[in-house]
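Contents: one structure, followed by commentary.
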Amino acid sequence: QRTPKVTLTIAAAANVQYALSELVQQFEQQTKIKCNIISSSSGKLTAQINEGAAYDIFFSADMKYPEFIFSEGLADQKPTVYALGSLVLWSTKEGIEPSLSLLGSDQIKHIALANPMTAPYGKAAEQILQSLINYEELKGKLVYGESIAQVNQFVNSGAAEIGITAKSVVLSPQLKNIGKWISIDDNLYDSIEQGMISLKNSTASDELKLQFFDFMGSEKAKAILSDYGYKLPKSE
Amino acid sequence: MEWGPIILTFRLAFLTTLILMLISIPLAYWLSRTKFKLKPILETLISMPLVLPPTVIGFYLLVAFSPNNSLGTFLRESIGLQLVFSFSGLVFASVIYSLPFMVHPIQAGFANLPASLTESAYVMGKSQWTTLRKVLLPNIRSSLLTGIVLSFAHTIGEFGVVLMIGGNIPNKTRVASIAVYDEVEALNYAAANQYSLFLFIVSFAILLAVYFINGNVLNKFWK
Amino acid sequence: MEWGPIILTFRLAFLTTLILMLISIPLAYWLSRTKFKLKPILETLISMPLVLPPTVIGFYLLVAFSPNNSLGTFLRESIGLQLVFSFSGLVFASVIYSLPFMVHPIQAGFANLPASLTESAYVMGKSQWTTLRKVLLPNIRSSLLTGIVLSFAHTIGEFGVVLMIGGNIPNKTRVASIAVYDEVEALNYAAANQYSLFLFIVSFAILLAVYFINGNVLNKFWK
Amino acid sequence: MISFDLYKKLKSPDGHISLEIKGNLEQGKLMSIYGPSGAGKTSVLRMLAGLLKADKGYIKVNGEIWFDTENEINLSPQNRRIGFVFQDYALFPNMTVLQNLEFALEKNQNNKIVNEMVEVIELGELIHKHPKMLSGGQQQRVALARALIRKPSLLLLDEPLSALDHEMRIKMQDYILKVHNNFNLHTILVSHQFSEVIKMSDQLIMINEGKVSKQGNASSIFIPKELASDLQLDLRIVELMSIEGVKYAVVLLENQLYKIKIDPESQNKYVKGGLIRIAVKDISIKDNQI
Amino acid sequence: MISFDLYKKLKSPDGHISLEIKGNLEQGKLMSIYGPSGAGKTSVLRMLAGLLKADKGYIKVNGEIWFDTENEINLSPQNRRIGFVFQDYALFPNMTVLQNLEFALEKNQNNKIVNEMVEVIELGELIHKHPKMLSGGQQQRVALARALIRKPSLLLLDEPLSALDHEMRIKMQDYILKVHNNFNLHTILVSHQFSEVIKMSDQLIMINEGKVSKQGNASSIFIPKELASDLQLDLRIVELMSIEGVKYAVVLLENQLYKIKIDPESQNKYVKGGLIRIAVKDISIKDNQI
Ligand SMILES: Nc1ncnc2c1ncn2[C@@H]1O[C@H](COP(=O)(O)OP(=O)(O)OP(=O)(O)O)[C@@H](O)[C@H]1O
Ligand SMILES: Nc1ncnc2c1ncn2[C@@H]1O[C@H](COP(=O)(O)OP(=O)(O)OP(=O)(O)O)[C@@H](O)[C@H]1O
Ligand SMILES: [Mg+2]
Ligand SMILES: [Mg+2]
């Protein structure tokens, strides 16, 4: 019988990390339990978990990866949605007032979005664009980031005049005052459900993990998430 | 499996290798001869892009060449060259990033040649250029081959830089390495394996052909 | 900036370069001598890991050595070696991935040496090992240097393979290249620049020292 | 007409030697440089060819200045029209013998000369071989042929015949003289063989540790002042034998062996490997039987 | 005692030559291999050293079998105790002269021999230089010294003296003979110089296109059957001059110049570069003035 360790190893998708680091800080203060965040893309983390990585909890950017993990029998229980992501239109270029109607103009040469194939935010961004009447024209302007983080780099560096990114990004301490952004009507895209899941191949005790999930349900945690621009799932 | 990324990849790899040869042969030749005091610094600088993660190099290039930036604006307005989100940008970035793989082996090859070969061509009235082409290069073939193989293979496999500066645009900057990466990320392992296998086989065939041609020629005349 | 990733990186790079030398010198020596028919195939195979994106290579290694897998289980149970999510795994993967950077230049170096050097050491009664160590290696120093510089620099900058098979575990597999990648991803550009600058300066200093030592010794005796 | 005056400090990890040499050579004449190993002979040729820069001095060929430190003139090797046979041959490993020769052709030069050279230097069966496949002497012959292709105005030969056997050596000497005369070249030859130097050269420079020790035509340097009608011959005893009671010594003289009778009385003065010095007194030049 | 019988087909892109050679050499004796360039001399030495594998045959040294195709014995070069001077010297570029010599030492061998060699071969000031800094002749001397360090039981010399000047050549010949005798070696020498071969060797093999054309001791090969008490001398005319009305010819004989009077009547028979053949009749060996 191994003595259960007192740290939690949390694997987290890159885009949750801003909010998560504050969440973890709170959690550590409250419980004196240390947490390690290992951030990477959801796809890599899923592959690693599938091959036996000893992580305790997985925070994904969507529900697809946690559901895959659950279906492979690698999780203690079904994944739960901890937050809903929302999208903004963001530009750091002077003289550009972001709006969906501006996308077709000559001022905009490149529109950055995450790769719809690998990033849930990308899929949603694509839905938004597809809802526009001039989608076919816009197609030639699209550039794809590996993740939402890369979209941020495209926009932040000015390489792309405008981009569709997560609200959590533009509200993050690092980017709070950079460029201009507007929220995008959330009717234009399917809600981006972000799931967390407790993993089987874990060295932490179940109680510990439970403690963290409990914390995620707390008002404090919810407040942090909404500060970061996430919407909260309707409690079931 | 789509053909676009595969075609783009080999186009990029051939073009990059070709440009690298054009740049590296004179550069390596100069480095192998010069008595310039700062030579070790130059030699080291050439290898430096390697020590940063490709994505990070890509990021710095992105910042440097972004149209927001004076350099990027200058390039675009003066010679119409746009290095971000374009195929030429990929080529440029790949060249920078693979430069040491071409320069260093060729330089080592030149350094190992006896000086009397160059000298005897010179006294025959041959220009430096003729000497390089007809005498020196054929005699450092194994080093040249090393440079070509390393650069070619590396350009095919590299995706960090390319993804960052290229923006993953289908048929323009979406090379096979990005495609296979995406498939792995999306957990489409079957598709990823297909791309990998194909990349592997085609590269293998190309490099094997290069080695066989070289080996045969060598065996015929050298030993 | 944390010191953990930096220390880990240089530990990994030194160890990888060292192991690569131990493997590549005999391998390159053998390749440069052998008349084995399948030699071009072997030579090509050595370069093959390069043509796949690092993350994908990492993914295949992960699958191959995963404890879920019979090979991984076998390694762990028989010799207690765990290659995924461990430092030894990083070393193993880096060695595989950087092998061509060490093998090819050294092989080209050996191929360019005149046979009479080896032969005259043999008739002096010197073993193949002594000949290699005292006569051949010192005379292919520029090629050896190329191999060392390329492998070392490449191991420092590589993160795709390492991230996949290592899993970004602090003080264990979180090397500096992953750290700087993470900082860029997290938009902490200041921290990323700090890491990059530090990586750059230390690598520069190390490689420059290598070149200077080599250059000086060369200048003193060679010309 | 070529004239030069060259000074160069040769650096080496321990100490220096300063090379000082001066000379004139008329068109169609052959100069030899003779001296012990390490004296600086190769370095002189390299300076003349423009492969090594003298510290001070000049080189003038047919009125044209090739090199002059005062006026900072220094023609590149390419612009000097020279043929050079290197001590290490410097054949191009990537080319066959024929390709080596053809490479030496100038633009628009008729390549008939290649065939001529192949014929004269007897390279017939070698022309499609690569240099690594040739024996030392064969390589040397190729190097010589290659240097002659261009009909250079200055031909520099650094021990061009040392790896050749006697017969081939004599042949090549004659051939060099023939090309030298036919093309009216300036030729400078480094050689260690005394008889070769005497036979071939109009002028001779002997150097020692970088300095000219003697200079002039062969006879003025080597000829003893006084009349020496007595030939003094050293016969090396190769073998002693006795046939039917008569003692003979087999002796070597000038690449020829002779069997001569020896006086039984003084017989034990002779040992194998020893020398017999004989003086041929008052040679009657009427013995001459050309 | 060393005996060998070797057969090898030398491949080359156009045609083959088959090398066939057979010989015996007693301890303490020196054998020369003499023959035109490309005859296969170097190849024979390489087979003896184990650097080239004969197709058929054997090599036996002091009763020990080094090589035998029938019994599939083939000692490695390391196990053959040989000294080898290569035609291209094969000095190690990364080592100084001293280090080159020390490298040749065997384990536990007293390194006094290194100093001895440095002394005898007059390498004094060169020992801290690297080979690239040496002249051709200096390199050759280093290679020779290096081959002798190990006191090999078989010494193989591939034109070891061709880059040396006359004086140094004579010195080195004597030195090789001294080491050869002192260490009681088997020595096989490839040389192109007839007088060197005659002077140095107890036994001689002449080869031509891979085949032995003559074999035996020098005298038996070269000595004319009949008694030749007449010495026939070819004097090469180096210069013609007239001093106070008297005509002289400066002639070359055996590395010596002589000034001899010529008959004014037949004067125009003599030209510079021509030969005067004289016969010295009935040498009285009492002229001998050792
Ligand atoms: N590249 C060099 N740098 C410095 N010194 C050199 C160099 N090459 C030769 N030397 C030295 O200069 C001197 C003259 O060398 P050089 O090659 O001219 O001699 P050499 O007369 O041609 O001798 P050899 O007949 O043996 O070929 C030698 O003492 C040699 O050590
Ligand atoms: N490695 C080789 N492979 C095939 N043939 C060779 C090789 N080396 C030499 N030969 C050929 O074998 C023949 C004999 O060469 P070898 O070097 O033994 O001649 P050699 O008698 O030493 O001549 P030299 O006096 O010119 O050095 C030559 O005709 C040469 O072309
Ligand atoms: Mg010389
Ligand atoms: Mg030979």
Side-chain angles (χ1 to χ4, degrees), chain A residues 13-14 40-51 60-62 64-65 67-69 71-72 91-96 107-120 122-123 139-147 149-161 163 179, chain B residues 2 4-5 53-73 75-76 80 82-87 89-90 93 159-175 177-189 191-193 195:
Chain A
S40 190
S41 71
S42 302
K44 285 193 204 74
L45 291 170
T46 304
Q48 288 171 340
I49 290 162
N50 196 23
E51 300 304 335
S60 174
D62 66 356
K64 178 177 122 192
Y65 295 104
E67 268 158 9
F68 173 81
I69 287 167
S71 70
E72 292 291 306
S91 169
T92 60
K93 196 116 188 161
E94 256 172 66
I96 290 182
Q107 265 183 296
I108 307 293
K109 304 231 161 43
H110 297 105
I111 305 165
L113 67 159
N115 188 346
M117 187 172 154
T118 56
K123 208 168 175 185
K139 252 184 173 172
K141 295 185 177 184
L142 303 185
V143 298
Y144 299 95
E146 165 205 11
S147 61
Q150 203 169 21
V151 173
N152 301 338
Q153 284 146 21
F154 288 157
V155 176
N156 192 30
S157 69
E161 290 76 10
Chain B
E2 290 168 49
T55 338
V56 175
I57 289 285
F59 174 65
Y60 288 133
L61 288 176
L62 187 71
V63 171
F65 293 112
S66 129
N68 266 4
N69 196 300
S70 51
L71 181 61
T73 318
L75 282 178
R76 193 213 292 249
Q82 195 203 327
L83 290 179
V84 293
F85 307 130
S86 70
F87 185 71
L90 296 196
F159 83 106
V161 177
V162 152
L163 182 60
M164 187 60 104
I165 201 166
N168 199 359
I169 306 169
N171 292 323
K172 207 165 141 203
T173 61
R174 184 170 206 245
V175 294
S177 57
I178 299 182
V180 54
Y181 170 81
D182 283 349
E183 299 293 357
V184 169
E185 286 284 294
L187 310 178
N188 299 331
Y189 297 141
N193 289 346
Y195 271 117

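This is a predicted model, so every value here is computed, not measured. As a basis for the values below, the full set of heavy atoms in this structure was taken, side chains included, without hydrogen atoms, waters or symmetry mates. Residue numbers begin at 1 in each chain, while the letters A, B, ... track the order of the sequences.
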How long is the gap from CG on B/L187 to OH on A/Y65, to the nearest 0.5 Å?
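Here the rounded value is 5.0 Å.
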Greatest number of heavy atom pairs closer than 4.5 Å to chain A - which of [options]:
| options | value |
| --- | --- |
| B/I165, B/D182, B/I178 | B/D182 |
| B/N188, B/N168, B/T173 | B/N168 |
| B/G167, B/G166, B/G58 | B/G167 |

Tell me whether the rings of B/F85 and A/H110 are parallel (<30°), tilted (30 to 60°) or perpendicular (>60°).
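The rings of B/F85 and A/H110 sit tilted, inter-plane angle from 30° to 60°.
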Side-chain heavy atoms of B/M164 within contact of A/E146, under 4.5 Å:
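They are not in contact (no side-chain heavy atoms under 4.5 Å apart), so the answer is no.
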Are the side chains of A/L142 and B/I169 in touch, meaning some heavy atoms are under 4.5 Å apart?
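When only atoms from C-beta onward are counted, B/I169 and A/L142 do not touch, as no gap falls below 4.5 Å.
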So for A/A119, is it side chain, backbone, both, or neither that comes closer than 4.5 Å to the heavy atoms of chain B?
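The answer is neither part of A/A119.
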Side chain, backbone, both or neither of A/Q150 within contact of chain B (heavy atoms, under 4.5 Å)
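Contact with chain B is through the side chain of A/Q150 alone.
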Portion of B/E183 that has a non-hydrogen atom of chain A nearer than 4.5 angstrom:
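Its backbone and side chain both get close to chain A.
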Of the backbone (N, CA, C, O) and the side chain (C-beta and beyond), which part of B/F65 lies under 4.5 Å from a heavy atom of chain A, both, or neither?
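No part of it gets close to chain A.
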Please determine, among A/A159, A/G140, A/G43, the option with the most heavy-atom pairs under 4.5 Å with chain B.
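Looking at each of A/A159, A/G140, A/G43 in turn, A/A159 comes out on top.
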Return the minimal non-hydrogen interatomic distance between B/L62 and A/F154, and the atom names on each side.
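Here B/L62 and A/F154 meet closest at CD2-CD2, 3.7 Å.
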Which heavy atom in B/S66 sits nearest to a heavy atom in A/S157, and how many Å separate them?
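Closest approach of B/S66 to A/S157: OG-O, 2.7 Å.
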For the NZ atom on A/K123, are there more than 12 heavy atoms of other groups (residues, nucleotides or ligands in this structure) within a distance under 6.0 Å?
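Not buried by this count: 12 neighbours or fewer within 6.0 Å.
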Could you check A/S147, A/S42, A/S41 and say which one makes a side-chain contact (heavy atoms from CB on, under 4.5 Å) with B/E185?
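Single side-chain contact (heavy atoms from CB on, under 4.5 Å) partner of B/E185 among A/S147, A/S42, A/S41: A/S41.
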